[in-house]
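Below is one structure; the comments refer to it alone.
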Protein chains: 2
Amino acid sequence: MVQEISPITDKISVFAIKNPLQTSLGRSILEHGISLISRIGFEEFTFKKLGNEIGSPEASIYRYFENKHTYLLYITALYWGMIDEKCLHIINSEEPQFQKALAIIDLLCNPPRIMISNITIDGSMMYRIVMSESVKTFMTKQVDKDNSKGAFSTLKSVNQHLSYIISTVNPMCQYPRALASTIIEMSMFQRYFYEHLPSMTDIGKQKSMSDDLKELMIGMMYAGKHQIV
Amino acid sequence: MVQEISPITDKISVFAIKNPLQTSLGRSILEHGISLISRIGFEEFTFKKLGNEIGSPEASIYRYFENKHTYLLYITALYWGMIDEKCLHIINSEEPQFQKALAIIDLLCNPPRIMISNITIDGSMMYRIVMSESVKTFMTKQVDKDNSKGAFSTLKSVNQHLSYIISTVNPMCQYPRALASTIIEMSMFQRYFYEHLPSMTDIGKQKSMSDDLKELMIGMMYAGKHQIV
DNA sequence: TTTGGAATGATAGCAATACTATCAAAAATA
DNA sequence: TATTTTTGATAGTATTGCTATCATTCCAAA
């Protein structure tokens, strides 16, 4: 049986020993794993616990993923792959540039509910994982090795799209890539602060948390512009 | 012997079973531990390895720190405590507000070489740890508990100072706390990106890495100002 | 419909980690 | 000098992260 492979799963297939989207056990590993990590956090998460949830021995999970870390790499790369596809769609639309910028920021602040058709994954669970754990994918001693294997290519692609839009909307901007990565990371951090360290942010005080967050992120696109005006 | 306790060590003393600054073993644990973590990273770091370096059994280290995690809490809280003191000094100076803002941003982008007098700790090693590992102090399942014990009070105080300065420099700003935390976190992230994921940033392309970083962070203080102008 | 290969289940085992406990030696303090 | 505190030395335990083996089931081509 030849199954079609989407461009996303193609990019991230390096991080799985066996494509988990093509078998029912593989899909189960993804579905329940995502649910489990979003519940108990990545530190507490083990393949043994996941095995118990899906009624399979941990050894079976090791046949799909080399270890915990590459499993998290896979999930986050999958997430950014989804976002990347939607970014591309926005960029190729006929909207004015500023509307495209708004749409991308909205996408980052309110990620889609359903992430992938093949399996049933709640987008908000994916988002929770990425918000709380994605930093742990690249702030490790093995960043450079993981990066050279393409672990962050989907994230970097999203950053590329956003920085392109920032350049067109704010052409005097000296640091479009840095602003893009700031918007991407801070959209998650500020929400995390809102939930756990509220004195580190003020989103949710003017309007709703989500609206404040978006307004803040839109403002970020113009950081530094005062020097020109 | 009654030893004077600085306001910093006072704030963070909760996170040590026994004050490490008051014994030679304690200071050794801090000095070598900081050096070791900055070399091998926090994931690879164990009390056993540290014990080997200082010629003491790991059990002795457990007499000072409950576990790895509180040890990292202690180190980062110590770091932000130092920065906080220097912030206070800047704020109480006679400089104009904008100069104070510049001084704080400079402090965040180029942290001081010597952090604490009592023991010999290289500020750049402390900075490396905080840059690469500090996110792991608060992005855990135990944030709320740690926060309620005051684990992040020194960081929050720095954020408070910076957001105050931002409000005075940019009075129309709607989100001073969020901009402050963005500047604090992004000063570390952008440097990390520069070193490991260069396509995520553009610092170091116009001028020196450090100068670009500072200019970017200064611009952040004015994020969103375009809407008013 | 059989058959060979791949995928899974079941179980065992191992080195390392993150601790805890105990007791004797050494050091500091009174 | 007596005594309390601090350290060293050693042992032990539960869990984690992973590997290995072999039997079983599934599935697809011949």
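Chain letters run A, B, ... following the sequence lines, proteins first and then strands; every chain starts at 1.
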Testing the 3.5 Å rule here: is there a donor-acceptor pair between the side chains of A/N110 and A/S210? yes
Name the nucleic acid region contacted by A/Y64, choosing base, sugar-phosphate or nothing; use a 4.0 angstrom heavy-atom cut-off, strictly under. sugar-phosphate
So do B/M221 and B/L179 actually touch side chain to side chain, heavy atoms under 4.5 Å? no
Nearest to the side chain of A/L25 - D/dT7, C/dT17, C/dG9? C/dG9
Going by atom types only, do B/E43 and A/T140 share a side-chain donor-acceptor pair under 3.5 Å? no
Any side-chain N or O of B/S60 less than 4.0 Å from the OP1 or OP2 oxygen of D/dG8? yes
Can I get a per-line list of side-chain donor-acceptor pairs under 3.5 Å for residues 53-61 of chain A, giving both atom names and the distance, sequence neighbours left out?
from: A/E53; atom 1: OE2; to: A/R39; atom 2: NH2; distance (Å): 2.5
from: A/S60; atom 1: OG; to: A/R63; atom 2: NH1; distance (Å): 3.4

In plain terms, say whether B/K149 and B/D144 are close enough for a salt bridge, that is, a side-chain N and a carboxylate O under 4.0 Å apart. no
Check: B/L108 and B/L162 side chains under 4.5 Å, non-hydrogen atoms: yes
Judged by nearest nucleotide, the residue sitting upstream toward the 5' end of DNA chain D, B/S56 or A/F45, is B/S56
Measure CD1/A/I61 against C1'/D/dT19 and give the value in whole Å, please. 15 Å
Separation of atom CG in A/L50 from atom P in D/dT16, rounded to whole Å: 14 Å
Distance, rounded to the nearest Å, where B/Q22 contributes CD and C/dT29 contributes P: 11 Å
Could you tell me how far apart B/E43 (CD) and C/dA18 (P) are, to the nearest whole angstrom? 10 Å
Using whole Å, report how far CZ of A/F65 lies from P of D/dT19. 15 Å
Rounded to the Å, how far apart are A/K49 NZ and D/dG17 C1'? 13 Å
Whole angstrom value for the distance that separates C1' of D/dC18 from OH of A/Y71: 17 Å
Give me, pair by pair, the N or O atoms of the protein and of nucleotides 19-22 of chain C that are less than 3.5 Å apart, along with how far apart they are.
from: C/dC19; atom 1: O5'; to: B/Y62; atom 2: OH; distance (Å): 3.0
from: C/dC19; atom 1: N4; to: B/E58; atom 2: OE2; distance (Å): 2.6

For A/Y64 together with A/F15, are the ring centres under 6.0 Å from each other? no
Can you check the A/I17 CD1 to C/dT8 P distance for me, whole Å? 12 Å
